[in-house]
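Below you'll find the structure, written out as structure tokens, and then a few comments.
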Amino acid sequence: MRSKWVVWALPFLALVAIGFYRPAENAPRALPLAVIFGSEINGYLTPCGCSKPMVGGMPRRGTLLKQLAENYTLLKLENGDLTKAAGRQDELKAETLIEMLNQMGYDALNLGKYDFLLGMDYLRALQMQFKGAMLCGNVLEGGNPAFDAYTLVEKRVQGRPLRALIVGLISEQHAEALRHRNPHLSVVPARQKLDALRPQIETMGDLRLLLFYGTAQEAEQIAQAHPYFHLIVYANGGDGPLPTKQVGQTRLVFAGNDAKFVGIAYLSESAPHEIARVEHVRLTEDFKDDEQIMAIKLGYLARVEAENLLALVPRRPTLNGSGFAGSRACMPCHSEDYRIWQRTAHAKAMQTLIEAKHDKDPECVVCHVVGLEYEGGFQSMEKTPTLKDVGCESCHGPAQLHAQDPETHRLGKAGAQSCMQCHVPAHSPNFDFETYWKKIEHGFKKE
Ligand code: HEC
Ligand code: HEC
Ligand code: HEC
Ligand code: HEC
């Protein structure tokens, strides 16, 4: 009898032992829900690093989301404008961002005005690549919806399944802009689209969210006319987060653009369709770069180099008709100025980009060399090594003719305004001519 008891008890004891030694790490845990939201990344994969400290970037977002996932079930939503759609580089950025959103497990992406400027063919290709739902339900292509109006996502929240309805719409204010690139598109007013959808979606899901590419004011009107949403994420609110607003049961939120902040709406643990608290996390240097997201960014830089985008920068003629001579050519006659310049940060501006792995990126090179946007200006380290770095002619203008014949070809004043082509607030927020000039002061001695 006794031995039989032991036989029965053994497997049970073994289970207890396993349970004891391996805490339920792999078992699904009963986590509460948090909705991650953002609007208008606008191509900011990472901050440029021109000044310190700088906020934002997708690799830091990756780290934050991994931290949050330890304590919350996450629903991840992005609202509009992956990039500004200004050319080939933004296409590469859009593809890169889709890859990053996939890596982070995004559930839905609503499209914005600039996304449509990528063109419908391109958007379709991105849609194929995106693992979440690409939404924008009120855009018609030849009379038919071009994208889904909503998706229903199921998450396990506090041990139970929770279904979240996510609707995506764009403001009809952008109809003209959409048609500019895609003449066959039209936009049904967002509220009209919701009127039509209402019987279908009003009671769908446990939680109802709207990604709306439009302003706070328009979002508020929607919340009044369609009071069945729990959360509306809007857009077009500037680069910082805005205070949330409660309209009936709907919370209106906006976390700022340019990927600087991450919006988090925490749902109440007692009533999982009620938003308990909204937070906007500023992505400071305290957040490490997530290695996987960073690897995707390096892949993007490799494509920028492989496609040689640097060579495709449009060029315009110089204003004074002169070519560029390079800083070294000034040395024989302005040796003291040259000596001073060599010791300034300007003379290592290209090295800075090489270290940042952005030396083939036209978006950076333009301010870290001489004359990238001009005929005869910097092309590459191989072809135009003397025009690397911020040289004499970055401020004084092209001076080849002057260097050949200084008496006939005088150069005008460079002046404080010459600094402003590069020391713009986004890249040099502390710029002040007096203090900055003191660090590079030269040109008082005649030689
Ligand atoms: C609009 C012009 C402009 C563009 C575009 C630009 N930079 Fe800069 N960069 C500057 C200026 C100006 C500074 C110096 C800022 C200061 O000290 O106030 C700077 C400084 C830097 C520094 C810091 C150097 C140091 O030693 O402190 C890094 C790193 C840098 N840039 C990298 C980049 C990268 C990477 C890009 C592209 C993603 C980029 N820059 C694009 C103008 C620009
Ligand atoms: C062959 C000698 C020579 C070379 C090379 C030369 N300069 Fe000059 N530079 C002069 C002389 C001479 C003046 C007039 C000085 C004066 O009369 O005060 C001058 C004047 C200037 C001035 C004051 C504005 C003006 O035109 O009077 C600037 C700025 C200047 N040079 C910049 C440059 C730069 C930048 C380079 C290199 C691309 C360069 N120079 C190459 C001889 C030269
Ligand atoms: C063609 C773009 C460009 C122009 C024009 C330009 N700068 Fe800069 N400047 C830069 C870049 C890029 C850096 C960062 C270089 C690095 O460290 O790699 C920089 C850095 C500096 C620094 C060093 C900042 C520090 O904290 O040490 C000073 C000072 C400065 N610039 C002053 C000026 C002044 C004054 C002018 C105008 C007379 C001017 N710059 C014009 C691009 C420019
Ligand atoms: C970051 C911008 C910048 C760079 C780089 C720079 N300069 Fe200047 N330079 C100025 C400014 C600003 C002045 C003040 C006079 C003016 O506004 O033209 C000046 C003054 C001068 C003067 C005296 C001009 C006069 O009117 O008397 C000379 C000569 C000169 N620079 C030559 C050079 C040479 C040569 C180099 C490269 C070795 C160089 N500069 C690099 C901005 C720059």
Side-chain angles (χ1 to χ4, degrees), residues 42-54 56-58 86 89 93 96 258-259 285 297-298 300-301 304 309-310 313 324-374 377-378 386-400 402-403 406 410-447:
N42 288 338
Y44 285 95
L45 303 177
T46 54
C48 59
C50 295
S51 70
K52 285 201 165 69
M54 271 196 171
M58 302 306 281
Q89 192 156 0
K93 279 187 183 174
T96 305
D258 297 356
E285 285 172 340
K297 187 197 150 178
L298 293 179
Y300 152 79
L301 288 178
V304 169
L309 296 187
L310 200 48
V313 173
F324 294 92
S327 303
R328 195 175 286 268
C330 321
M331 187 172 63
C333 310
H334 302 284
S335 61
E336 180 63 7
D337 296 317
Y338 184 83
R339 202 180 54 78
I340 294 171
W341 169 78
Q342 264 195 316
R343 285 182 302 187
T344 65
H346 287 144
K348 63 169 185 65
M350 194 61 188
Q351 187 54 35
T352 296
L353 289 189
I354 292 171
E355 282 160 23
K357 302 192 170 68
H358 275 278
D359 51 306
K360 303 283 164 40
D361 180 351
E363 288 184 355
C364 308
V365 171
V366 62
C367 290
H368 285 245
V369 301
V370 175
L372 180 68
E373 290 168 303
Y374 292 96
F378 179 86
T386 58
L387 299 181
K388 75 180 170 80
D389 303 322
V390 178
C392 318
E393 293 160 292
S394 293
C395 301
H396 290 289
Q400 196 170 45
H402 166 86
R410 304 298 295 259
L411 298 168
K413 286 268 174 238
Q417 80 277 2
S418 71
C419 320
M420 301 319 295
Q421 30 168 342
C422 303
H423 287 269
V424 294
H427 295 271
S428 186
N430 304 320
F431 185 74
D432 162 64
F433 182 75
E434 298 304 326
T435 38
Y436 271 61
W437 171 247
K438 278 206 186 71
K439 295 190 193 179
I440 64 158
E441 197 168 1
H442 63 277
F444 14 63
K445 251 199 290 176
K446 294 268 178 285
E447 294 162 51

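Hydrogens, waters and symmetry mates are skipped; everything else that's a heavy atom, side chains included, is used. For ligands, and for the atoms within them, numbers begin at 1 and follow the listed sequence.
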query: Of all the non-hydrogen atoms in the protein, which one sits nearest to atom 6 (C) of ligand 3, and at what distance?
result: His423 CD2, 3.5 Å

- prompt: For the residue pair His402 and His334, does the interplanar ring angle fall in the parallel (under 30°), tilted (30 to 60°) or perpendicular (over 60°) class?
  reply: parallel

message: With respect to Cys330, determine whether any N or O atom, backbone or side chain, lies less than 3.5 Å from an N or O atom of ligand 4.
response: no

- request: Looking only at protein heavy atoms, identify the closest one to atom 42 (C) of ligand 1 and say how far it is in Å.
  value: Cys367 CB, 3.7 Å

- prompt: Any idea which atoms of ligand 4 are less than 4.0 Å away from a heavy-atom of Tyr338?
  reply: 38 (C)

field: Side-chain heavy atoms of Phe324 within contact of Thr386, under 4.5 Å
entry: no

message: For Ala325 versus Ala403, what's the shortest heavy-atom pair and its separation?
response: CB-CB, 4.5 Å

- request: If you have a sec, work out which protein heavy atom is nearest atom 11 (C) of ligand 1 and how many Å separate them, to one decimal?
  value: His427 O, 4.2 Å

- prompt: Is any side-chain heavy atom of Phe431 closer than 4.5 Å to a side-chain heavy atom of Met420?
  reply: yes

message: Please list the nearest protein heavy atom to atom 32 (C) of ligand 1 with its residue and the distance rounded to 0.1 Å.
response: Cys48 O, 3.4 Å

message: Tell me the contacting part of Asn430 for ligand 1: side chain, backbone, both, or neither, using a 4.0 Å heavy-atom threshold, strictly below.
response: neither

Identity and separation of the nearest protein heavy atom to atom 36 (C) of ligand 1: Cys364 SG, 2.7 Å

query: Just wondering, is there an N, O or S atom on Cys419 that's nearer than 2.8 Å to atom 8 (Fe) of ligand 3?
result: no

query: How far is atom 25 (C) of ligand 1 from its nearest protein heavy atom, and which residue and atom name does that atom have?
result: Lys348 NZ, 4.4 Å

Atoms in ligand 4 with a heavy atom of Gly415 nearer than 4.0 Å: 12 (C), 16 (C), 17 (O), 18 (O)

- prompt: Under 4.0 Å from any heavy atom of Ile440, which atoms of ligand 4 are there?
  reply: 1 (C)

- prompt: With only distance considered, is Ser428 within less than 3.5 Å of ligand 1 through an N or O on each side?
  reply: yes

query: Between Thr435 and Lys439, is any pair of side-chain heavy atoms under 4.5 Å apart?
result: no

- prompt: Among Lys413, Gln417, Arg339, Glu393, which one has a heavy atom closest to atom 26 (O) of ligand 4?
  reply: Lys413

- request: Give the atoms of ligand 4, by number and element, whose distance to some non-hydrogen atom of Cys392 is under 4.0 Å.
  value: 34 (C), 35 (C), 36 (C), 37 (C), 38 (C), 39 (C), 41 (C)

message: With heavy-atom distances below 4.0 Å as the criterion, list the atoms of ligand 1 near His358.
response: 35 (C)

Identity of the nearest option to atom 15 (C) of ligand 3, non-hydrogen atoms only, from Ala345, Gly371, Ser51: Ala345

- request: Give the single entry among Pro429, Pro362, Cys50 that approaches atom 13 (C) of ligand 1 most closely by any heavy atom.
  value: Cys50

- prompt: Counting heavy atoms only, which of Lys439, Glu441, Met350, Lys52 is nearest atom 27 (O) of ligand 3?
  reply: Lys439

query: Can an N or O of Trp437 be found at a distance shorter than 3.5 Å from an N or O of ligand 3?
result: no

query: Do any of the N/O/S atoms of His346, backbone or side chain, fall under 2.8 Å from atom 8 (Fe) of ligand 3?
result: yes

- prompt: Heavy atoms only: which of Gly49, Cys422, Gly391 is nearest to atom 2 (C) of ligand 3?
  reply: Cys422

query: Is Lys438 salt-bridged to Glu441, going by a charged N under 4.0 Å from an acidic O?
result: no

field: His442 near atom 8 (Fe) of ligand 4 via N/O/S, less than 2.8 Å
entry: yes

field: Closest heavy-atom pair and its distance - Ser428, Tyr436
entry: OG-OH, 3.7 Å

- prompt: Out of Gln351, His368, Met350, which residue meets the side-chain contact (heavy atoms from CB on, under 4.5 Å) rule with Lys388?
  reply: Met350

message: My understanding is that we take every heavy atom of each candidate and find the minimum distance to atom 28 (C) of ligand 3. Doing that for Phe431, Tyr436, Phe433, which one comes out nearest?
response: Tyr436

- prompt: Should the ring pair His442 and Trp437 be called parallel, tilted or perpendicular, given that the plane angle runs from 0 to 90° and is split at 30 and 60?
  reply: tilted

message: Quick one, Asp361 and Gln89 - any side-chain contact, counting heavy atoms below 4.5 Å?
response: yes

query: For atom 24 (C) of ligand 1, what is the nearest protein heavy atom, given as residue, atom name and distance?
result: Thr352 CG2, 3.7 Å

message: Looking only at protein heavy atoms, which one is nearest to atom 5 (C) of ligand 1, and what is the separation?
response: Glu363 O, 3.1 Å

- prompt: Considering distance alone, does some N or O of Ser418 sit under 3.5 Å from an N or O of ligand 4?
  reply: no

- prompt: From atom 8 (Fe) of ligand 1 out to just under 2.8 Å, does an N/O/S atom of His368 turn up?
  reply: yes

- prompt: Counting from 1, what ligand 4 atoms have a heavy atom of Cys395 closer than 4.0 Å?
  reply: 1 (C), 2 (C), 3 (C), 4 (C), 5 (C), 42 (C), 43 (C)

field: N/O separation below 3.5 Å, His396 to ligand 4
entry: yes

message: Does the Lys NZ or Arg CZ of Lys297 fall within the cation-pi geometry relative to Tyr300 - under 6.0 Å from the ring centre and within 45° of the axis?
response: no

